[in-house]
Structures are given as structure tokens and as C-alpha cells.
2 protein chains.
Amino acid sequence: MTKKASVIGQRRKAASEDSSASYQARRKEICEAAIQVFHRQGFSGASLSAVAAELGIDRASLYYYFSSKDELFDAITTSVLEENAALARRIADSPISPRRKLRELVAAMMVSYGENYPLLYIYIREDLRQVADSRSDWSKHMRGLNRQIENAFIEIIEQGYEDRSLRRIGSARMVAYGILGMLNWSHRWYRPGKGESAEEAGRTFAELALAGLESPY
Amino acid sequence: MTKKASVIGQRRKAASEDSSASYQARRKEICEAAIQVFHRQGFSGASLSAVAAELGIDRASLYYYFSSKDELFDAITTSVLEENAALARRIADSPISPRRKLRELVAAMMVSYGENYPLLYIYIREDLRQVADSRSDWSKHMRGLNRQIENAFIEIIEQGYEDRSLRRIGSARMVAYGILGMLNWSHRWYRPGKGESAEEAGRTFAELALAGLESPY
DNA sequence: ACGCTTTTCCACGATACTGTTGACAGAATT
DNA sequence: AATTCTGTCAACAGTATCGTGGAAAAGCGT
């Protein structure tokens with residue numbers, strides 16, 4: 001649904017887009033502010049007024065940099081999620097044992113959530129199935145990235161099932177969802193600098209999923 | 001913020017409240033419809049118009065049964081969550097081993113999610129920390145129930161740590177969050193009649209958390 | 001100091017939602 | 001048959017939001 005140069009504002013933006021100077025820097029500033037606001041109020045619950053207020057500027061000024069709330073959201077989330085999906089693929093395809101792959105992937109995901117805090121959580125909270133049709137192209141892309149991560153987990157578990165290094169305690173899909181649940185649910189409790197670090201959480205979750213809680217005695 | 005009998009509508013409702021007839025039945029119908037709509041669009045994303053449309057009635061008619069969107073939400077969620085919290089308490093206080101407690105609690109929670117589908121998921125999706133101050137009393141109550149469930153898990157794990165039936169792989173709080181994450185994240189993928197049943201999922205998650213994936217060889 | 005460009009703001013129209021009001025139709029009651 | 005009760009509806013006011021237009025302000029190059 002890209003507008004075909006709707007008179008002004010859009011044209012200004014287009015003009016500033018190619019020859020980018022401090023324009024990109026300001027864009028980034030706005031993104032940072034938006035990340036904070038979206039994290040506090042959720043994407044759908046947050047208004048552009050709130051984002052503008054966070055920076056102490058007028059709401060209309062935002063439209064000089066982003067044509068809509070959706071574009072702002074995309075600019076924020078897309079790149080990081082792409083990185084994350086690539087990371088998952090890389091670990092899944094690496095030539096180590098399924099056990100180690102799983103351990104590393106769990107840890108890496110949690111660390112990524114911590115390092116990019118709170119960016120990925122904003123994305124995680126959004127349920128892509130409910131995104132309006134108007135953004136279905138973008139939504140499909142994002143869902144694809146999501147699926148890549150899911151599939152990385154599923155593949156690893158299936159490999160482990162096949163070489164018998166992992167016990168078959170349920171369908172690979174279900175186990176993968178469980179592990180992803182541990183990781184993704186962290187958006188409700190993880191706060192950097194409070195409680196365990198992301199590394200610690202990642203290690204704990206990896207240990208929980210792989211070795212379990214039961215002691216051998 | 002309870003209104004003090006705002007003329008009409010409220011008075012009618014008050015009049016119909018004590019002597020309940022088919023009034024309660026219709027209330028339930030509205031609840032059922034609201035559950036569907038809230039599940040599709042999320043609570044904050046859903047409008048009362050949508051709920052009314054689901055039933056093919058006028059939006060204003062809803063106000064004959066519920067004074068606000070919030071009251072509707074409360075009517076839907078409170079009782080079930082209270083039951084769930086009580087269930088968690090009961091299992092945590094039962095005189096069986098921590099291992100069995102954990103297994104049963106995990107399974108019971110997942111089954112409850114399935115049986116009450118999709119009601120509990122509507123609640124899970126709401127992040128209570130972001131509820132407006134206007135409902136802070138209700139919000140506190142609900143957070144309390146949530147905490148009861150959390151604490152049930154934490155206590156069980158700590159018991160297991162102390163009697164050494166569970167390995168100390170991380171703080172009890174962190175492990176509890178991991179398990180709750182597995183369970184709660186099911187709101188993103190669980191659909192009754194599709195894929196694994198809630199019972200199966202519960203068993204798988206309990207096995208995953210307790211015995212882990214790694215095979216002994 | 002003067003133009004020109006970049007950036008910001010004030011004001012507007014459009015839309016959507018909430019909660020309320022007073023009136024209306026059918027059933028129940030008298 | 002008249003009247004109350006129950007449930008419904010169309011319409012209104014109030015608020016919040018989004019995206020746009022045009023004008024003001026700030027930079028900066030000469």
C-alpha cells in the first residue's frame with residue numbers, strides 16, 4: 001500500500017532520503033524513543049503522540065521521517081529479526097552435535113534478547129497473525145523469519161532424535177515450541193541489570209531443556 | 001471508579017441484577033461472543049462494536065448487561081483465573097513429592113488451558129503491568145492470583161532443591177519462569193483439535209522440564 | 001545580513017471508539 | 001385493554017488518534 005507521492009511531506013521525505021545527512025541520525029533518535037515507548041505500552045497500545053512526547057517534539061514532525069506508525073515499526077524491528085533468524089540458521093547448519101547446537105542456540109537467543117533489549121520483545125509481543133491485511137506483504141516476510149527460527153529448533157531436535165542423542169519425548173515441533181516459550185516468555189520478566197543476566201538465563205534454560213531438573217538419585 | 005447510578009441503563013441493570021431470569025443467560029451469551037472476539041483481536045484491540053456485531057445486536061444493548069468493556073473482561077476472566085490459582089495452590093500443598101507435584105502442576109495447567117480454551121489465553125495475552133490505573137484494584141487482585149500460580153511453581157522447585165530430588169540448575173524463580181513460559185506461550189500455537197492435545201502437551205512439557213531431552217548414552 | 005534549504009510546529013479534517021440518552025417494540029402483568 | 005417491564009435501537013457528545021497542509025523557525029552558505 002505505498003502511497004504514490006501524496007503531495008507534500010512525502011515528497012520532502014523522498015527528497016531527504018537519498019542524500020542522507022543528519023537526517024538518518026534523527027531517524028535513529030526517533031527509533032530509539034519509539035522503542036522505549038513501544039516497550040512500555042506495546043505497539044498497538046502506543047500512540048505517535050506518546051513517541052513525540054518522549055522526544056519533546058511535535059507529533060507532526062515524526063511524519064517528516066516516517067510516513068506512518070507501521071513504517072516506524074518496520075524500521076525498528078526488521079533488521080534485528082533478520083539477524084536473529086540468520087543466527088539461528090547458522091547454528092542449525094553448523095557441524096556440531098545436535099546437543100551442542102541446541103545448547104548454543106538457546107543461549108544465543110537469550111543473549112540476543114538481552115543485547116537488543118527491549119527491541120526484540122516489542123516484536124515478540126506482537127502477534128503477527130492479527131496484523132491487518134494492509135501489511136500482509138511485510139507480515140509474510142516477518143512470519144517467514146519467525147518460521148526460520150522455529151525450523152532451526154525443530155531441525156536440531158529431529159537430528160537429535162535420529163542419531164539418538166536426544167530422547168523422543170514428544171514431537172519435535174512441540175518440544176521446539178516449549179523451548180521457544182521459555183525464551184520468548186522472558187519478555188514478561190527479563191529486565192537488564194535486574195536479577196539474572198541473559199547469559200545465565202540462557203544457560204539455565206538450555207540445561208533445563210537438555211538435562212532436566214530431576215537429580216539422578 | 002464505580003459510577004453512582006448514572007440515570008438510566010445503570011438503573012435498569014441494577015433492577016435486573018437481583019431478580020435474575022433470562023438476563024443471566026443473555027449475559028452469558030454475550031460473554032461467549034466476547035471471548036471469541038477478544039481471542040481473535042486481543043482485548044485492547046477489540047471494540048465493543050465487534051462484540052455486538054458477533055451477536056448481530058446493537059452495541060448499546062451491551063450496556064444493558066455490562067457497564068463497560070472492563071466489566072465485561074472481568075466477568076469473563078476472573079472466575080476462571082481464581083479456579084486456576086486455587087488449583088495451583090492445592091497441588092503445591094498436597095503431600096506428594098516435589099517431582100510429582102511439578103509434573104502434575106504442569107500437566108494440570110496445560111489441561112486447564114485446553115478446557116477453558118480460549119478464555120485463559122485472552123487473559124495471558126494481557127500484560128497486567130500495563131493496565132490503566134483506573135482498574136488498579138482489580139488489576140492488583142489479578143496480579144495476586146498470577147503471583148499465587150508463580151509462587152506455587154517456585155515453592156515446589158525450592159522444596160525439590162532442599163530435599164535434593166531436583167538439581168539446582170538455576171534460581172527457583174528463573175526455572176519457574178521457564179516452565180511458565182513453556183505453558184503460557186502455548187497461546188500462540190495451541191488450537192483444540194489441531195495437533196497434539198493439551199494433555200499430550202502437558203506431559204511433554206513436564207517430561208522436558210524434569211527429565212530433559214538428553215538421552216543417557 | 002541576505003537568500004535558500006532543512007527541520008519543526010500549529011491547525012485542520014477524517015475516522016473510530018466509548019459511554020449515555022431517550023424513545024420504541026413486544027411480552028408480561030393486572 | 002391498559003400498563004408496566006424487558007430488551008433493543010438510532011443518535012449524540014466527548015475523546016483520541018491518524019495523516020496532511022501550509023506556515024514558521026532554525027541552519028548554513030555566500
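Below, each value reflects all heavy atoms present in this structure, side chains not excepted, and no hydrogens, waters or symmetry copies. Letters go in sequence order (proteins before strands), and every chain restarts at 1. Keep in mind the model is a prediction, meaning the values are calculated, not measured.
Salt bridge annotation for Glu126(B)-Arg143(B): absent, with no cationic side-chain nitrogen under 4.0 angstrom from a carboxylate oxygen. For Glu207(B) and Arg203(B), the salt-bridge test fails: no basic side-chain N is under 4.0 Å from an acidic carboxylate O.
The separation between Tyr64(A) atom OH and dA26(D) atom P is 16 Å, rounded to whole Å. For Arg59(A) and dG21(D), the CZ to C1' distance is 13 Å, given to the nearest whole Å. The distance from atom CD1 of Ile57(A) to atom P of dA24(D) is 21 Å, rounded to the nearest whole Å. Nucleotide dT8(D) holds its C1' atom 14 Å from the CD atom of Glu29(B), rounded to whole Å. We find that CZ of Arg26(A) is positioned 11 Å from P of dG27(D), with the value rounded to whole Å. Atoms OH (Tyr65(B)) and C1' (dC9(D)) sit 13 Å apart, rounded to a whole Å. Look at CG on Leu62(A): it is 13 Å from P on dC10(C), rounded to the nearest Å. Across the protein-nucleic acid pair, Arg27(B) atom CZ and dT6(D) atom C1' stand 16 Å apart, rounded to whole Å.
Considering only side-chain atoms of Ser47(A), the nucleotide from dT17(D), dG19(C), dC9(D) that sits closest is dT17(D). Out of dC9(D), dT7(C), dA11(C), the shortest distance to the side chain of Ala60(A) is found at dA11(C). The Asp58(A) side chain lies nearest to dC10(C) when the options are dG19(C), dC10(C), dT7(C).
Listed for the Lys194(B) side chain is no donor-acceptor partner under 3.5 Å among the backbone atoms of Trp189(B).
Here Ser61(B) does not reach the OP1 or OP2 of dG7(D): none of its side-chain N or O atoms lies under 4.0 Å away. For Ser22(A), a side-chain nitrogen or oxygen approaches OP1 or OP2 of dT7(C) to under 4.0 Å.
Tyr113(A) and Asn184(A) form a side-chain donor-acceptor contact under 3.5 Å, judged by distance and modelled atom types alone.
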